[in-house]
Amino acid sequence: MESLVIIPIKSIDSDWNLAAIDYDFCPFEYCEEMLDIPSESIYDASLSNAGLEINLIDFEEVMNEDWYIQLERIAKYTMVA
């Protein structure tokens, strides 16, 4: 089962806006390096006007992991697909 987590850009960096992001921003690497999400848990990551969108794989298996709990705290919302 997958879930979609959206983190508002302002939750990551209060000075950050979509227009100021350079073209080599890599959402997948940001998820791994800054949010400590294991690569095997990430289906996809992208940046949109809504914020950083992260599709997680088998999220119900990691719901008690520290990185997931922190992700839930900063997320705008989580949808289960």
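All residue numbers in this chain count up from 1 along the given sequence.
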Trainee: Between Y68 and I37, is any pair of side-chain heavy atoms under 4.5 Å apart?
Mentor: no
Trainee: Roughly how far, to the nearest 0.5 Å, is OG of S41 from CD of E61?
Mentor: 8.5 Å
Trainee: Can you measure from CE (M34) to CD (E29) and round to the nearest 0.5 angstrom?
Mentor: 12.0 Å
Trainee: Closest heavy-atom contact between C31 and A45?
Mentor: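 Closest approach of C31 to A45: SG-CB, 3.9 Å.
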Trainee: Using the rule that two of Ile, Leu, Val, Met, Phe, Trp, Tyr join whenever any of their side-chain heavy atoms come within less than 4.5 Å, decide whether V62 and I74 are in one cluster.
Mentor: yes
Trainee: Measuring only between side-chain heavy atoms, which start at C-beta, is L52 closer than 4.5 Å to L35?
Mentor: yes
Trainee: What's the separation between atom CG in D44 and atom CG in L56, rounded to the nearest 0.5 Å?
Mentor: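 Going from the CG atom of D44 to the CG atom of L56 covers 10.5 Å.
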Trainee: Is there side-chain contact between I42 and I57, with heavy atoms separated by less than 4.5 Å?
Mentor: no
Trainee: Quick check for you: to the nearest 0.5 Å, what is the distance between F28 atom CZ and S39 atom OG?
Mentor: 5.5 Å
Trainee: Could you state the interatomic distance from CD (E32) to CD (E40), rounded to the nearest 0.5 Å?
Mentor: 8.5 Å
Trainee: For the residue pair I7 and I54, establish whether any side-chain heavy-atom pair is separated by less than 4.5 Å.
Mentor: yes
Trainee: Do the side chains of N55 and E53 get nearer than 4.5 Å, heavy atoms only?
Mentor: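 Answer no - side chains too far apart.
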